[in-house]
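Below is one structure, written out as structure tokens; the observations come after it.
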There are 2 protein chains.
Amino acid sequence: MIENKSIDTRERILDAGERLFMVHGYDGTSMRQITGEAAVNLAAVNYHFGSKESLMQEVFRRRLGWLNEERIRVLEEMETAAQGNPLKPSQIVDGFFGTLLRMADDDTRGGMTFLRLLGRTLTEPSEFIRTFLMDEYAEVVERYKQALFKALPDVPKAEIVWRFHFMLGATSYAIAGTDALRVVTDWQIEPEETTDRLDRLLPRLMSFILGGLRAPLPQFDSAAVGK
Amino acid sequence: MIENKSIDTRERILDAGERLFMVHGYDGTSMRQITGEAAVNLAAVNYHFGSKESLMQEVFRRRLGWLNEERIRVLEEMETAAQGNPLKPSQIVDGFFGTLLRMADDDTRGGMTFLRLLGRTLTEPSEFIRTFLMDEYAEVVERYKQALFKALPDVPKAEIVWRFHFMLGATSYAIAGTDALRVVTDWQIEPEETTDRLDRLLPRLMSFILGGLRAPLPQFDSAAVGK
DNA sequence: CACTGTTTCATACGTTCGTTTTAAATAATA
DNA sequence: TATTATTTAAAACGAACGTATGAAACAGTG
């Protein structure tokens with residue numbers, strides 16, 4: 001290995017890609033936009049990453065690697081402290097979703113930009129990113145799922161899995177659509193809300209998804225399902 | 001106006017566009033894919049709709065027009081029956097989200113295909129679709145918002161707006177990611193779950209989002225927000 | 001039938017896309 | 001400093017993109 005020429009072409013490309021993929025999506029972002037914003041030559045992406053797809057994967061790997069390791073670290077810490085007893089659902093939810101949301105405050109880890117990219121990507125999984133995300137998430141999801149099964153022994157497992165799914169949705173959307181949703185709604189939030197919006201998003205979202213997780217089980221009233 | 005030549009080129013283009021935009025996204029879908037799947041000439045899209053963007057808008061207008069009229073019809077019906085009394089939150093939620101989810105069973109209204117397109121589009125709002133969606137949604141969101149304010153007079157309005165936001169997210173995601181999420185989780189759901197998955201999604205999702213809506217209000221413990 | 005407006009068709013236009021190539025510039029090693 | 005490996009630079013590639021054109025096929029009306 002050799003030292004950087006200017007201050008890291010690689011990193012500048014990743015930052016530009018992260019931001020542009022977040023704003024315009026994968027297909028909507030061109031190599032020329034990326035290299036233009038990063039102020040590097042067009043060929044630099046293919047030199048450093050091989051292809052546009054590989055760049056996209058590296059954008060995710062750079063952030064998700066840390067995030068999912070942190071999630072597992074937090075979970076193990078809690079499990080150690082609990083000495084074999086089940087964790088509280090709120091602890092588990094905070095370990096998974098709270099750790100994610102707290103990334104938004106850490107600009108050295110991508111901050112809001114990466115979170116919003118992640119949120120929108122989960123609903124538009126191209127084939128190549130889909131298989132990649134599966135690998136990155138497999139272990140951490142399995143661990144948290146097991147923890148929830150243990151924490152909620154009376155709730156059917158299928159139900160827990162669905163609700164995990166819903167929580168992921170509410171979270172992704174809340175992040176990805178921080179202003180995309182304003183669009184659809186046109187609601188005005190008081191000024192104080194927008195300034196420190198992020199500080200307040202976490203407790204708000206936590207309340208909501210915990211409320212959903214603990215909601216009464218649905219009645220499968222087969223006759224009235226349609227209404 | 002003149003009759004159709006073969007059986008409605010326009011409609012076949014809309015159907016193909018709806019499906020392909022759902023699978024590959026707007027930028028990821030080419031005119032040649034659309035006209036190929038619809039078995040019409042390449043120029044037919046520009047002839048009938050003017051441009052690719054206009055086609056996308058028409059794909060949405062065709063479904064959203066009916067959906068949002070139906071939502072308002074249902075709301076007015078409930079309000080009339082209530083004779084000025086506040087509605088139950090569960091009624092309002094069912095009017096908005098239940099009406100949406102029940103579209104999935106109606107293939108003459110796009111069924112799951114359109115729902116999934118809608119779900120993924122809400123997290124990737126291109127500038128041109130963003131302004132369009134705002135117009136389509138403005139009235140219905142305002143009406144339901146007001147109904148919720150009235151139904152939950154003790155809950156701060158900002159809180160209700162946020163939770164509406166979260167509910168929309170959980171719903172969009174649950175729909176858009178019907179198998180995109182399987183990807184991320186790799187959970188196995190019992191066979192019986194997948195067959196009539198849709199019948200069971202509605203009550204499950206309803207329980208979840210109602211639980212979230214009724215959850216205890218968050219504590220803004222400013223000192224401990226970061227952990 | 002001829003006439004007229006509508007729809008379909010094959011084809012081509014000018015751009016932009018991701019990628020490749022060849023050479024120049026830079027940094028590390030001896 | 002001479003040599004070698006790494007990184008940047010400029011230019012070009014073929015392919016695919018959305019769109020436009022003009023003629024052919026069609027349907028409705030007299």
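Each chain gets a letter, A, B and so on, in the order the sequences are listed, and its residues count up from 1. Small disclaimer: the values here were computed from a predicted structure and weren't measured.
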task: Return the value, rounded to whole Å, for the distance between atom CZ of A:Phe49 and atom C1' of D:dT7.
output: 13 Å

query: So which one's nearest nucleotide on DNA chain C is more toward 5', B:Ala39 or B:Leu42?
result: B:Ala39

field: Euclidean distance, atom CG of residue B:Asn46 to atom P of C:dC9 [Å, nearest integer]
entry: 15 Å

query: Which heavy-atom pair separates A:Met31 from A:Lys52 by the least distance, and what is that distance?
result: SD-CB, 3.6 Å

field: Shortest non-hydrogen contact between A:Leu20 and A:Thr29, atoms and distance
entry: O-OG1, 3.1 Å

message: Using the rule given for side-chain contact (heavy atoms from CB on, under 4.5 Å), can you reason through B:Phe149 versus B:Val161, listing the C-alpha separation, both sets of side-chain angles and the distance that settles it, and then say yes or no?
response: CA-CA 9 Å; B:Phe149 290 165; B:Val161 166; 4.0 Å; yes

query: Is any side-chain N or O of B:Asn41 closer than 4.0 Å to OP1 or OP2 of C:dA10?
result: yes

- prompt: Phosphate oxygens OP1/OP2 of C:dT7: is one of them under 4.0 Å from a side-chain N or O of B:Thr9?
  reply: no

message: Using the rule given for salt bridge (Lys or Arg N to Asp or Glu O under 4.0 Å), can you reason through B:Glu139 versus B:Arg71, listing the C-alpha separation, both sets of side-chain angles and the distance that settles it, and then say yes or no?
response: CA-CA 11 Å; B:Glu139 186 194 353; B:Arg71 278 168 163 165; over 6 Å; no

- prompt: To the nearest angstrom, how far is A:Lys52 atom NZ from D:dA15 atom P?
  reply: 19 Å

Nearest-nucleotide 5' precedence on DNA chain D, A:Tyr47 against B:Ser51: A:Tyr47

task: Taking the six-membered ring for Trp and the single ring otherwise, decide whether the centroids of B:Tyr137 and B:Tyr144 are under 6.0 Å apart.
output: no

query: Do the ring centers of A:Tyr26 and A:Phe128 come within less than 6.0 Å of each other?
result: yes

query: Which whole-number value in Å describes the distance from A:Gln33 CD to C:dT15 C1'?
result: 15 Å

query: Hey, can you pull the residues of residues 23-32 of chain A with a non-hydrogen atom under 4.0 angstrom from DNA chain D?
result: A:Arg32

Between CD1 on residue A:Ile160 and CE on residue A:Met167, distance to nearest 0.5 Å: 9.0 Å

field: side-chain N/O A:His48 vs D:dT8 OP1/OP2, d < 4.0 Å
entry: yes

task: Have a look at the helix from C:dC1-D:dG30 to C:dA30-D:dT1 and give the angle its two end axes make, five pairs each, rounded to 10 degrees.
output: 0°

message: Return the CD1 to OG1 distance between B:Ile175 and A:Thr123, rounded to the nearest 0.5 Å.
response: 12.0 Å

message: What is the distance, to the nearest angstrom, from the CD1 atom on B:Ile34 to the P atom on D:dC17?
response: 11 Å

message: B:Phe166 vs A:Arg204, test: side-chain contact (heavy atoms from CB on, under 4.5 Å). Steps then yes/no.
response: CA-CA 10 Å; B:Phe166 298 149; A:Arg204 280 196 219 275; 4.2 Å; yes

